[in-house]
Amino acid sequence: VAEATTKRKGGPTDGEVVEIFGPNIGGGDDHGGALAPTDARLLLLPVRSLQGIFVWATCPFILKRLIRDLEFARKGTQLTVPTIDVGDGKAKVGTKTKLQNDPLVLEDEEFDVGANGKSVDVDTLSTKLQSLFPQIGAYKDFRARLGEYLVVISDTDFRRLVEPGTGTEVVTRIKLNKRKTTTGGGGNMWIEEFLPSDCLFYSLLLAMPSRHKTPTLTSGQAVLDLIRSKVLGCVTVNEKQVTDQIIQIGGDETVGRGWMRVHWFNGTPVTGGTI
């Protein structure tokens, strides 16, 4: 993404990309990059439901990990997330849920909501998570839907629903040769696993001053500002910064995989850099 934006008017220079991500092949001994992104962590998983087409599911472990990461980024006071506990085979929903039938059927499994399953903590959680959605008109209905179709299930049940072939798509592919056959240069088979559309992820970007011999980005904040303004092309909408373009991450770009929109939260500077 960053290399492609160097060709765009107002994009970063080749030198700035090298300072952020490190030298190209052959120059790796010169210096390291100034940016250290974490893995994208799954926060909400779309799960097929007999009610409302799909729900967004999460679990206590994921919420506790989010709380830990928010504290690490010093955002815990701005985005407070409640801790919600739920037993195996049970589910908790918000008080404004549209999932009225009990038991709740997700994929081919039944979950007991019961009289105590409607929780104001889930309402609070949905309100907090709505701020993570891009604040643009295209996502208005999705933000509203989150308060009506958010479900919290146990860690064990969530793990089972996210297993390959249950909550994810498993595709077997085979290599073809130039004649579009599997012989003489073809025939290699591989399996790919895809998460469903409309998943919600979050990631941390850890930035430090450039380690180039003659740096132009002399602070972690400068690194993040450049990524936000020139690489991701952030604009301000309703006092929140969002990207004005969808970015593609990972492989399979030519078959329409990995397209994402990014919503940016600023972290708090710490000693040695910026989160």
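Heavy-atom basis, side chains included; hydrogens, waters and symmetry copies ignored. Since the structure is predicted, the reported quantities are computational estimates derived from the model, not experimental observations.
In terms of heavy-atom proximity, Ser154 sits nearest to Val86 at N-CG1, 3.4 Å. The shortest non-hydrogen separation linking Ala57 to Phe158 is O-CE1, 3.5 Å. The two residues Gln130 and Arg143 make their nearest non-hydrogen contact at NE2-O, 2.7 Å. Residues Ala34 and Pro209 share a closest heavy-atom pair of CB-O, 4.1 Å. Closest heavy-atom contact between Phe111 and Lys90: CD2-O, 3.8 Å. Heavy atoms only, all atoms of each residue included: Thr13 and Glu16 are closest at N-OE1, 2.9 Å.
Residues meeting the side-chain hydrogen bond (donor to acceptor under 3.5 Å, both in side chains) test with Asp198, sequence neighbours left out: none. For the salt bridge (charged side-chain N to carboxylate O under 4.0 Å, His left out) test, residues two or more places apart in sequence or in another chain that qualify with Glu107 are Arg48. Every residue two or more places apart in sequence or in another chain that forms a ring pair (Phe, Tyr, Trp, His ring centres under 6.0 Å) with Phe54 is listed here: Trp56. The side-chain contact (heavy atoms from CB on, under 4.5 Å) search around Lys96 returns none, not counting sequence neighbours. Every salt bridge (charged side-chain N to carboxylate O under 4.0 Å, His left out) that Arg257 has, sequence neighbours left out, goes to Glu169. Applying the side-chain contact (heavy atoms from CB on, under 4.5 Å) rule to Thr83 yields the partners Lys64, Ile67, Asp85; only residues at least two apart in sequence or on another chain are considered. In this structure, the side-chain hydrogen bond (donor to acceptor under 3.5 Å, both in side chains) partners of Arg159, at least two apart in sequence or on a different chain, are Glu163. Annotation: side-chain hydrogen bond (donor to acceptor under 3.5 Å, both in side chains) contacts of Thr124 (sequence neighbours excluded): none. Not counting sequence neighbours, the partners of Asp123 by the side-chain contact (heavy atoms from CB on, under 4.5 Å) test are Thr95, Val120. Not a single side-chain hydrogen bond (donor to acceptor under 3.5 Å, both in side chains) links Thr156 to another residue, sequence neighbours left out.
Panel note: side chain Asp121, backbone Pro82; no donor-acceptor pair is recorded below 3.5 Å. Using modelled atom types, one side-chain atom of Thr97 and one backbone atom of Glu148 make a donor-acceptor pair closer than 3.5 Å. At distances below 3.5 Å, not a single donor-acceptor pair connects side-chain atoms of Thr168 with backbone N or O atoms of Glu193. Formation of a donor-acceptor pair under 3.5 Å by the Asp157 side chain with backbone atoms of Asp88 is not found in this model.
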side-chain contact (heavy atoms from CB on, under 4.5 Å) between Thr80 and Lys128, intermediate numbers included
CA-CA 7 Å; Thr80 55; Lys128 297 297 183 181; 3.4 Å; yes
Verdict with reasoning, Leu99 to Val113, per side-chain contact (heavy atoms from CB on, under 4.5 Å):
CA-CA 10 Å; Leu99 301 168; Val113 178; over 6 Å; no
Decide side-chain contact (heavy atoms from CB on, under 4.5 Å) for Thr216 and Leu226; before the verdict, give the C-alpha distance in whole Å, the side-chain angles of both, and the deciding distance to 0.1 Å.
CA-CA 11 Å; Thr216 61; Leu226 188 145; over 6 Å; no
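With hydrophobic clusters built from ILVMFWY side chains whose heavy atoms lie under 4.5 angstrom apart, Leu195 does not share a cluster with Ile191. A single hydrophobic cluster is seen to contain both Leu44 and Val151, as judged by linkage of ILVMFWY side chains at heavy-atom distances under 4.5 Å, directly or through other members. In the hydrophobic cluster analysis, where Ile, Leu, Val, Met, Phe, Trp and Tyr join through side-chain heavy atoms closer than 4.5 angstrom, Val18 is grouped apart from Leu217.
The closest side-chain heavy-atom distance from Tyr202 to Leu70 is not below 4.5 Å. Within the 4.5 Å cutoff, the side chain of Cys199 has heavy atoms near those of the Leu42 side chain. Residues Pro103 and Asp112 are not in side-chain contact: their nearest non-hydrogen atoms beyond the backbone lie 4.5 Å or more apart. Residues Val47 and Val162 are not in side-chain contact: their nearest non-hydrogen atoms beyond the backbone lie 4.5 Å or more apart. Counting only heavy atoms from C-beta outward, the side chains of Leu129 and Leu66 approach each other to under 4.5 Å. Using a 4.5 Å heavy-atom threshold, the side chains of Thr166 and Arg160 count as separate. Side-chain atoms of Val223 and Ser210, non-hydrogen and from C-beta on, never get closer than 4.5 Å to each other.
Crowding of Glu110 atom CD: a count of heavy atoms from other residues, nucleotides or ligands under 6.0 Å not exceeding 12.
The distance from the CG atom of Leu63 to the CG atom of Leu43 is 7.0 Å, given to the nearest 0.5 Å. How far CG of Leu146 is from OH of Tyr139: 13.5 Å, rounded to the nearest 0.5 Å. Rounded to the nearest 0.5 angstrom, Leu200 CG and Ile62 CD1 are separated by 10.5 Å. Remark: Glu19 CD to Asp14 CG distance equals 12.0 Å, nearest 0.5 Å. Note: Leu106 CG to Leu161 CG = 6.5 Å, rounded to the nearest 0.5 Å. Between the NZ atom in Lys92 and the CG atom in Leu150 there is a gap of 12.5 Å [rounded to 0.5 Å].
Grouping Ile, Leu, Val, Met, Phe, Trp and Tyr by side-chain contacts under 4.5 Å, direct or through others, puts Leu50 with Val105. Taking Ile, Leu, Val, Met, Phe, Trp and Tyr as members and joining any whose side-chain heavy atoms lie under 4.5 Å apart, directly or through other members, the hydrophobic cluster of Phe194 also contains Val171.
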